[in-house]
Every structure is written in structure tokens, then in C-alpha cells.
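Only one structure is covered here, and it is reproduced in the block below.
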Protein chains: 2
Amino acid sequence: MVKRTNDGDDTDRPPESGAGPATGSAWGLPPDREPGPETGRAPERPADAVTRRAAGVNLLALRSHNAALVLDLLRTAGPEGVSRLELAERAGLTPQAVSKITARLREEGLATDAGRRASTGGKPRTVLRLIPEAGHAVGVHLDRDELRVVLVDLDGRVVGERRAPLSLGAGAEAVLDALLGEVTEVLSDALGSGALSAPLGVGVALPGPLDHTRGVLHRVTGFPEWDGFPLRDVLAARLGVPVVVDKDTNAAALGLAVGGERGSFACLYLGTGLGAGLVIGDVVHRGARTGAGEFGHQVIQLDGPLCSCGNRGCVEALCLAAMGRGDVAEAARVLGEGAANLAGLLDIDAVLLGGRTIMAAPEPFVRGVAVVLDAHARREGSREGAVPVRLAPGGARAVAEGAAQLLLGPVFGRRDG
Amino acid sequence: MVKRTNDGDDTDRPPESGAGPATGSAWGLPPDREPGPETGRAPERPADAVTRRAAGVNLLALRSHNAALVLDLLRTAGPEGVSRLELAERAGLTPQAVSKITARLREEGLATDAGRRASTGGKPRTVLRLIPEAGHAVGVHLDRDELRVVLVDLDGRVVGERRAPLSLGAGAEAVLDALLGEVTEVLSDALGSGALSAPLGVGVALPGPLDHTRGVLHRVTGFPEWDGFPLRDVLAARLGVPVVVDKDTNAAALGLAVGGERGSFACLYLGTGLGAGLVIGDVVHRGARTGAGEFGHQVIQLDGPLCSCGNRGCVEALCLAAMGRGDVAEAARVLGEGAANLAGLLDIDAVLLGGRTIMAAPEPFVRGVAVVLDAHARREGSREGAVPVRLAPGGARAVAEGAAQLLLGPVFGRRDG
DNA sequence: TGCACTTTGGCAACAGCGTTGCGAAAGTGG
DNA sequence: CCACTTTCGCAACGCTGTTGCCAAAGTGCA
């Protein structure tokens, strides 16, 4: 039902990566071709992809942009729905344009009526809502010791889930087999239980570093054997649907951005390591090399204790050392100083905390970080007050859900950054 | 000749701030009304302006977007010009669409023929170029001890300039009078020497903090009497043209972004203080409160020496202390550590150095910062190598030129961030 | 109960965008 | 001089959002 939004440049777009021949349901098919580690897309200079994209806007691009925007407004409104006039006001379009767009969305099965509003003296407004079942995506969280697969609908609701223990160091074949198996299971469960259209694709989130634009892993921390592995293309070839790969922190941040966190914010995740997902102006910021978010190896103590990365005085080293001593307050303070540096540099609207270590003792961390940010704001005389600190919502499934949003986001017009 | 790009929402847009009745050339007119500190625009909640702007795209918006894009490509091509087919390829539009757009630009006096290319076996391509004289903007750099005003054409070339000593602490009236005087002088010089269309407006860059969206100053460092002064609206009322206000570091960064520096980069300015201008994806990042770029008060030495801001161990304090001891190498090293934190956090493409202190001894700073970034990159095993460090080009006029780009940028489709 | 009024939202005509088909213009090369 | 290539404008077209208009569906007062 849902097609990926057409950007109007379908004339010379490279073919969908590994989409291969659509032999019925391609799920669970044996690999019809095994791309070697070097068989990726045509090598494109990353600089080109960033510095000057063809920014000319087509009528087709305009159409899909506005349709995606209206769809996003419908999604944001939730099950209560929105009226056409409200959509028009929020989108900055005329009511008649919205009428045409919503008529198309209804024809495509993406939207439907949802009752009417109370009259204000005239004809009551007809309320529209998204049909969440019109599209699905798979989100995979490939963690160091666990694999989690979720199936979510257009609304972002989880409609299927599986977990399995897994070691990232068990070798590519073992990990891929486990991943493909769990994904297939989740999908066949959903297919058995009800009507399910073909999924839009699979998003995979895992610890970095990696190249998001090409979907190639670099040396995953602690598992150098993955270096250079073209995960996206291998998975796309085996699954027969589009695959997107991203860092776990970015996926989590994307999930929050889609889930209602507006503006610019940073999610700090403290677990085996310390990383950050950055959202700037509602867009996940990855950087040209998918290297953004290196929060943990920010130096906040010149010539401080040696960190595993080779530098001295990194936030991560100080924070984990404090945790090793059982000094949560100091760990939170150190984290707060790093967060204050980040907040000052980017003028973000919120700091969100997550990760296993923080979830084990949320309150002292949130308070400790807030205290540092408050102190900085007061000393610098900020008129807006300190950046608010909150716990990142979503729990243990957040990364997998965010991974699914790597596919759902474009449907609602979200750009990558 | 040049009208500001129409975004298609001119139905309910607030009137151009202080544009007033156009009584001939409004320059140098006595103030016909003096807006008090509270007579600004209708107060708009900053959250709204950031979190959800009406993103629906109009046919009018599409038209002006594509026209601005083509104009930008013409500007980038320089005096040699570009052919229609090249424009079409770069813009992602069909040649025929480009023909129509360039025909309009030629009618409006913004573009013209510039010879032809050598034939490749058929009709030779006609080359088009921008007409730089079709539009101008004024850039003002309001520094602590000096005032600099430049007049630039569409190409960004400086066609008029004036300097005057000035103390920001001399009081609002004195500073405003000096500013208005110099601006009027620059314009009348240009009017006398040749044909000059009415300028697009005036961009003013000064040390922060301030509110870029409203054009209101906060407590300019060291000059608390400016707190809350609505500089944009006051100047707009007196000059009768649009005015945009921004931090000096942001203006400088914008100037570099327009001047050819692509992608994402940071400009670090070391003078009486230490600040940064951030460009992320070709867009200046200011943050919702125009607070981004607080590079100098990044803490890199927990419990270090006290800084003027009240915190301890700020880069600025350490850097300036080292300079006070004459230890340029240590200052560069400290600066480099801060730059490494920034580069890791944002995955930027380049670090540019500027400011009076650095220009006094450029080579040791560039080398010292590069050494630190190299060391970090090597230790972390970056496959792309270290972030390149360069001197920010442009010299002493860079900030004023960038201020003028605050007005020119929108003509070429540059969004604010 | 009936009528005036308000508000919503679809139908139809329209202006204007980029696209396509086609041909004139302006070169090269034999 | 002619065949060929390439550029680029004119004209028709499809599709976008916009405007004008009117039916539909309520409220509220007589």
C-alpha cells in the first residue's frame, strides 16, 4: 500500500539495493546471490553526496512532499484524528489542496474518516485519521549480547517482537543467520495472525562505527572482524527488501524525534560505553562519515586518566571509573559537565538520558546532570533557564523501534541528516 | 531589481519590519517614528517558530525555490558562466525548465549571456552568468572598539567600505548615530559613483549574546546597558529597509559557507574571547535561542582555574591564560583539545581558525591544533584521517562581509538554521 | 416546524509549474 | 554543399495548488 515517497528523480536513480527479482514473498528465500565484501554499490565519493545534492524541485516532488507532510500530520494527531481545515492551517496549504491530497490518501488506503467534530454553528468538521495497518517496517537491534527484532505499523506501534541471545563476535554467518531467522519468524507470525502488507523494509541498528550512507560496518567496537562488512547490501540481497543500517544511538534518537520530541536535543546513552544521538532541527545529525555523537570521548580533564581510546580524560573513562568505585554522584556530575559542553555548543532544547547503566539508577543521574546544567546556566546568566534533563522514554525496545523508523521516516517526509 | 524570494506565504505575513512608507530614498531620513523597546513585532513564541513551521510547498514557493537555486548555481559558476544544460544537470531539472527559469532571470535583469562554449560537433552552448550589480546589501560589523561597514554586490564583492573607531559602551544613541552615519556615507558614495539599485537591506553582526530571530540584544559581553535593546526594529525603522542582526561568529561562518566552504565546518575565533560559528550541512546552526557556538566556555579541565563566566576549566580561560604567559604552543594545544571534542561530537569536515589573536601568530596555532586532531584521529583509528585545519580566509573584513550575506543568502535560497 | 444563518467541503474552471514533442538555429565534418 | 550533431525555444500537455461557486449539514431563532 505504502510506496516509498517518490522524490521525482526516479529517472536515473540507482536500482533499489538488492531488491532483486520479486519472486513472490522474497522473505526467507535462500540467497540467490552472495555479494562479496567488495560488491557494493557503485562507489560514490561521499563528498558529492553531501556538498551539493540536486535540489531542484519537481511537481512530482512537490506532490509527494505535501502528501508526506499531510500524512505526518495525520500520524501526529493520533487516533482522534484531524479535520481538513486544521490540516490546511498546519501545513500552510489551502483547504481545497488538503481536500485533494486527503482524497488521494484515502484512495490509497492510507487514511480514512474518523467521525466528526461538534458543530460550531455550521456543518461539523469531518475528522480524518491515519490507517496504521497500511504499512509496516521491521526494526532490528543488533546489540553486543542480544538480538531484538520488532515489527511496527505506520503509527510506530509494535505489532510483533522477538528476542534472542547473540554474540556479535560469533562470526558473520552465525549472526546473519540468527538475524534472518528472527526477522522471518516475526513476519510469519504477523502474516499468520492477520492481514499484513509487504513490509517497507528492514532497519538495523548496531553499535558503531559504520557508514550509514553505504551501509558498511567499520570496526565495531570490540569486534574487529566486522570491519568493512557491507551489511546493508548483504541483508538486502538476502531479504529482497530495502535495508537501512545505522548506529544504535542514532536509531534511538530518531525514534524519539518521531515519537514527539521536537526541535533539537541530545540523547546520552551510558552502558558498556557512552555515546550520544543528536537531533538538530527535527533531523538526526550523523555527519558525512556517520561519526557524529562521539560524546564519550570528549576530553573534559586535560592529562586525566587514560581511556580505552588512547586519549586522556575522556568523559567515558571518568564516568565509568566513578561507576566502578560505586560513586554514582560523581559519574552523574562528570556526565553533566559533558552535557553542559554539548548544550552550550549546540543550544539544544533538551537532554535525554538512557542506557543500561542509567536505567539501573535513573533518579540520581537525572538529578546530578540537571544540577550541573543548572549551575552553568545560572553562572552564565541564561535568561531561558537551564536545558531540561529527562529520562529517554521507550525502555529496552527503543533502539529496535527507532531502527524501524529508519524506513518509516521517509514515508512521512523526514529527511536524513 | 532583486526582490526577496517569495516563500508563497505572503497572505498573512507580518509587514516587513519598519519598512515604512517609501518616501523616495529612505536613507538618511530622520526617524519618522521611534519604536520604544517594547514596540517590536507581534510577540511570537520562539518554540512555535522552531518546532513546526508550515512546511507545505506551494507552486509559488516551488517557483522561487528553483529560481533561487539556479541563481545560486550562476553565482557559484563565477564570471565564466554556466550553460543551460549544465545548470539543468546540477539542479536536477530538465533543460527546458532551466530555459524558462533563466529567461525569467534575464527579464528581471539578474542574468545575462556571457559568450559561448566551444562546439562539440553541434550548436555551441550559450553561457549564462549572474549580473552582480543587480542587487546590493550592506554589512555592518559592530565590534567592541571599531565599526566597519561594507557594501557588497550579489556576487559578494565589496564595492564600498568605511571604518570608524567606536566604543560599544558609548551608549545606544551614540552608537546608533555612528552606525547610521557610516551606512549612509557608504551608500551615498556608491550612489554617486555609479548606478546602484536600492539595497536589499542591512545585516549587522556584533558580539553576542542576542536573539537572531527577533533581532534583540541580550547583555552584550561587557556592556550590560544593551540588554534587551531591539536593535533590528530600531534600525529598520530608521533606515526603512529590512535589517537582520546576528552574532559576529555566525556572520563570519555564513560568509565562509557562501564563499565556497561546503558541508559542515566550525570556525573558531580567538580574540578578546573565544567563540565559534557552526555550519552544519551548508546551513549556519544558531539554535533556537541563538546560543549555539559557545565554544569558549566548554570545560576541558574539571575543577580547573576559574573563568570569567564563573565556571572552572573553560577552554577560553586556559587558552587566554597560556597566551598571557606567552605560551602559544600550550594555547594552541588547549584550543586543539576543544576542537577535537567538537569535531568528534559533530563529525565536521573542517576546522577553520580566525580572530585577532590567531592572526597575530597563525602558523603555530594551525599547526598546534592540527597536531592534537591528528593525535586523536590516529589513536581512535579513524579511516578518513584527521579533520583538516586551516586558517579562515577573508581577513579583517570577513565579519562585515558575512553580515551582508545575511541579506543576500535568502536571494540564493539559503535557509537559516 | 420552518427559515435564516454558519460552516464544511466537493465540483469545475483556471493560472502556472515542469514535461514532452518538435523544429529552427548554429555549429562541425566530409 | 550537404549530412549530422547539438542547443534551445515554441507549443501542447499533464498536473499542481487556487479560486469561485454551490450543495450538504448542522445551529439557532421565530
Side-chain angles (χ1 to χ4, degrees), chain A residues 5-12 54-70 81-107 111-128, chain B residues 5-12 54-70 81-107 111-128:
Chain A
T5 51
N6 191 335
D7 292 324
D9 58 344
D10 45 358
T11 49
D12 53 354
V57 177
N58 223 338
L59 279 172
L60 226 79
L62 177 141
R63 170 198 171 119
S64 53
H65 173 92
N66 285 347
L69 172 65
V70 170
V82 216
S83 78
R84 288 174 179 76
L85 288 172
E86 289 161 355
L87 286 173
E89 192 187 4
R90 293 184 201 176
L93 297 171
T94 60
Q96 191 57 251
V98 171
S99 270
K100 285 190 179 180
I101 292 168
T102 53
R104 281 201 299 267
L105 294 177
R106 288 171 57 172
E107 272 182 25
T112 188
D113 286 355
R116 359 191 93 186
R117 286 275 163 74
S119 167
T120 61
K123 177 175 177 177
R125 301 182 172 181
T126 313
V127 169
L128 301 170
Chain B
T5 52
N6 190 334
D7 292 324
D9 57 344
D10 46 358
T11 50
D12 52 354
V57 177
N58 224 334
L59 279 172
L60 229 80
L62 177 141
R63 171 196 169 120
S64 54
H65 171 92
N66 285 347
L69 173 65
V70 169
V82 215
S83 78
R84 287 172 178 79
L85 288 171
E86 288 161 357
L87 287 172
E89 193 186 3
R90 294 185 200 176
L93 297 171
T94 60
Q96 190 60 7
V98 170
S99 270
K100 285 191 179 180
I101 292 169
T102 53
R104 280 200 299 268
L105 293 177
R106 289 172 56 171
E107 271 182 26
T112 188
D113 286 356
R116 1 191 92 188
R117 286 275 163 77
S119 166
T120 62
K123 178 175 176 177
R125 301 183 173 181
T126 313
V127 169
L128 301 170

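Convention: sequence-line order gives letters A, B, ...; per-chain numbering from 1.
A/Leu87 places its CG atom 10 Å from the P atom of C/dG9, with the value rounded to the nearest Å. A straight line from CG of A/Leu93 to P of D/dG17 spans 7 Å, rounded to a whole angstrom. Look at CG on B/Leu60: it is 15 Å from C1' on C/dG18, rounded to the nearest Å. Rounded to an integer number of Å, the gap from CD1 of B/Ile101 to C1' of C/dG16 is 13 Å. One atom, CG of B/Leu128, and another, P of D/dC8, lie 8 Å apart when rounded to the nearest Å. Put simply, CG on A/Leu85 is 13 Å from C1' on C/dG10, counting in whole angstrom units.
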For nucleotides 21-30 of chain C, just jot down a letter per nucleotide in 5' to 3' order: B, S or -, based on protein non-hydrogen atoms under 4.0 Å.
-> ----BBBS--
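In this structure, the side chains of B/Leu105 and B/Thr112 stay at 4.5 Å or more apart for every pair of heavy atoms. A heavy-atom distance below 4.5 Å is found between the side chains of A/Val70 and A/Thr102. Residues B/Arg84 and B/Pro95 have side chains not in contact (no heavy-atom distance under 4.5 Å, counting atoms from C-beta outward).
When the side-chain hydrogen bond (donor to acceptor under 3.5 Å, both in side chains) test is applied to B/Arg104, no partner is found at least two apart in sequence or on another chain. Partners of A/Arg106 according to the side-chain hydrogen bond (donor to acceptor under 3.5 Å, both in side chains) rule, which considers only residues two or more places apart in sequence or in another chain, are A/Asp113. Residues passing the salt bridge (charged side-chain N to carboxylate O under 4.0 Å, His left out) test with A/Arg63, sequence neighbours excluded: none. Contacts of B/Arg117 classified as side-chain hydrogen bond (donor to acceptor under 3.5 Å, both in side chains), with partners at least two apart in sequence or in another chain: B/Glu86.
Contact annotation: A/Ser99 side-chain N/O to C/dG9 OP1/OP2 distance is not under 4.0 Å. Considering only side-chain N and O atoms, A/Arg125 lies nowhere under 4.0 angstrom from the phosphate OP1 or OP2 of D/dG26. Taking side-chain N and O atoms only, B/Arg117 has no distance below 4.0 Å to OP1 or OP2 of D/dT6.
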Pull out every protein N or O sitting under 3.5 Å from an N or O of nucleotides 12-16 of chain D, one pair per line with the distance.
from: D/dT16; atom 1: OP1; to: A/Arg63; atom 2: NE; distance (Å): 3.4
from: D/dT16; atom 1: OP1; to: A/Arg63; atom 2: NH1; distance (Å): 2.0

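Residue contacts shown for A/Thr126 are limited to sugar-phosphate atoms, with no base heavy atom under 4.0 Å away.
Between A/Val57 and A/Val127, the one whose closest nucleotide on DNA chain C sits nearer the 5' end is A/Val127.
Between A/Leu62 atom CG and B/His65 atom NE2 the span is 10.5 Å, to the nearest 0.5 Å.
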Carefully, step by step, assess A/Thr120 and A/Arg125 under the rule side-chain contact (heavy atoms from CB on, under 4.5 Å).
-> CA-CA 9 Å; A/Thr120 61; A/Arg125 301 182 172 181; over 6 Å; no
